[in-house]
Chemist: 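Take this structure first; my questions come after.
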Amino acid sequence: MQASLIRPAGAADLPQLHPVIERAYRGDSARRGWTHEADLLFDPRTDSATLAALLDGDSRLLIALGGDAILGCVNIASRGGGLAYLGLLCVDPTRQAQGIGKQLIAAAEATARDTFGADRIEMTVIDRRAELIAWYVRHGYARAAETRPFPVPVDPPLTMAVLVKSL
């Protein structure tokens, strides 16, 4: 089932969206899909306040809907100077491998171009996630020479690969 609609999230969507994100990234439920971090990280992926902050300003949180159900999301943010950042791409583990992620990426890229005037986009992916990096490469992203530290301290430390695409 592909998403029937991709639209910007509103505050009223966050209570339904937050558990989808957690199921996609963490815990045993995430293992039903292939894009999880459940074997690397155990803390919650995000919180309601962080999600609410993505709704305004130079950031858009897009959601994919199938009927009334939220199937996934992606965040796109302006970094200025023609650069946009793509993050928080996820699809409910029971709905992965159905083209929803591809639709979300296309919507994020269109938002980056049309809303933020971006001509390039970047993202970071845990460098141990070779299969996920390969998926992004198949969708036009290239691995940059740059790496970045994981945004919060974890033991053992994680490194983020930087992926870039011209729009």
Side-chain angles (χ1 to χ4, degrees), residues 8-9 14 17-64 72-93 96 100-102 104-113 115-167:
L14 299 184
L17 175 59
H18 187 226
V20 173
I21 294 167
E22 296 304 321
R23 282 195 307 272
Y25 282 100
R26 304 286 198 272
D28 288 335
S29 63
R31 290 184 176 91
R32 294 179 70 184
W34 68 276
T35 63
H36 65 83
E37 301 166 346
D39 297 327
L40 300 171
L41 299 162
F42 308 99
D43 60 323
R45 173 62 174 82
T46 192
D47 58 45
S48 297
T50 301
L51 292 176
L54 301 178
L55 299 179
D56 297 311
D58 288 338
S59 176
R60 298 293 181 276
L61 183 59
L62 306 177
I63 55 173
C73 71
V74 65
N75 174 240
I76 190 73
S78 175
R79 295 287 166 94
L83 178 65
Y85 183 83
L86 186 150
L88 201 61
L89 175 64
C90 71
V91 175
D92 189 293
Q96 290 180 11
I100 299 166
K102 187 184 302 187
L104 284 163
I105 285 179
E109 291 171 354
T111 299
R113 278 190 307 271
T115 302
F116 300 130
D119 58 13
R120 63 198 189 290
I121 193 167
E122 74 173 16
M123 71 176 75
T124 56
V125 178
I126 296 171
D127 66 354
R128 295 184 195 176
R129 303 295 321 282
E131 70 284 0
L132 186 56
I133 291 170
W135 187 84
Y136 285 118
V137 167
R138 289 192 302 273
H139 289 85
Y141 288 80
R143 190 166 181 168
E146 178 187 3
T147 60
R148 296 179 186 156
F150 192 72
V152 295
V154 293
D155 188 26
L158 294 172
T159 304
M160 304 295 286
V162 177
L163 304 174
V164 295
K165 180 179 182 178
S166 294
L167 297 176

Chemist: Please report the interatomic distance CG(L55) to CZ(R60), rounded to the nearest 0.5 Å.
Modeler: 9.5 Å

Chemist: I want to check something: taking the side chain as every heavy atom from C-beta on, are V74 and T111 in contact at a cut-off of under 4.5 Å?
Modeler: no

Chemist: What pair of heavy atoms forms the shortest contact from I63 to A9, and how long is it?
Modeler: CG2-CB, 3.8 Å

Chemist: Distance-only criterion, 3.5 Å: show the donor-acceptor pairs between side-chain atoms of residues 116-126 and protein atoms not counting sequence neighbours.
Modeler:
from	atom 1	to	atom 2	distance (Å)
R120	NH1	G81	O	3.0
R120	NH1	G82	O	3.4
R120	NH2	G81	O	3.4
E122	OE1	R148	NH2	3.3
E122	OE2	R148	NH1	3.1
E122	OE2	R148	NH2	3.2
T124	OG1	Y85	OH	2.6

Chemist: Working to the nearest 0.5 Å, report the span between CG of L89 and OH of Y136.
Modeler: 4.0 Å

Chemist: What is the distance from atom CD1 of I105 to atom CH2 of W135, rounded to the nearest 0.5 Å?
Modeler: 3.5 Å

Chemist: Hey, could you give me the CG/CG distance between L86 and L62, rounded to the nearest 0.5 Å?
Modeler: 9.0 Å

Chemist: Could you list the donor-acceptor pairs under 3.5 angstrom formed by side chains in residues 156-167, with sequence neighbours left out?
Modeler:
from	atom 1	to	atom 2	distance (Å)
K165	NZ	E109	OE1	3.2
K165	NZ	E109	OE2	3.0
K165	NZ	H139	O	3.0

Chemist: Give, for atom CG of L17 and atom CG of L54, the distance between the pair rounded to the nearest 0.5 Å.
Modeler: 9.5 Å

Chemist: With sequence neighbours left out, what residues match A110 under side-chain contact (heavy atoms from CB on, under 4.5 Å)?
Modeler: R113, D114

Chemist: Would you say the side chain of V20 lies within less than 4.5 Å of the side chain of C73, judging by non-hydrogen atoms?
Modeler: no

Chemist: Shortest non-hydrogen contact from S78 to G80?
Modeler: OG-N, 3.2 Å

Chemist: Can you confirm whether I76 sits close enough to T115 that some side-chain heavy atom of one is under 4.5 Å from a side-chain heavy atom of the other?
Modeler: no

Chemist: Sequence neighbours left out, what passes side-chain hydrogen bond (donor to acceptor under 3.5 Å, both in side chains) with N75? Give chain and number order.
Modeler: S59

Chemist: Give the minimum heavy-atom separation between G72 and L104, together with the two atoms involved.
Modeler: C-CD1, 4.0 Å

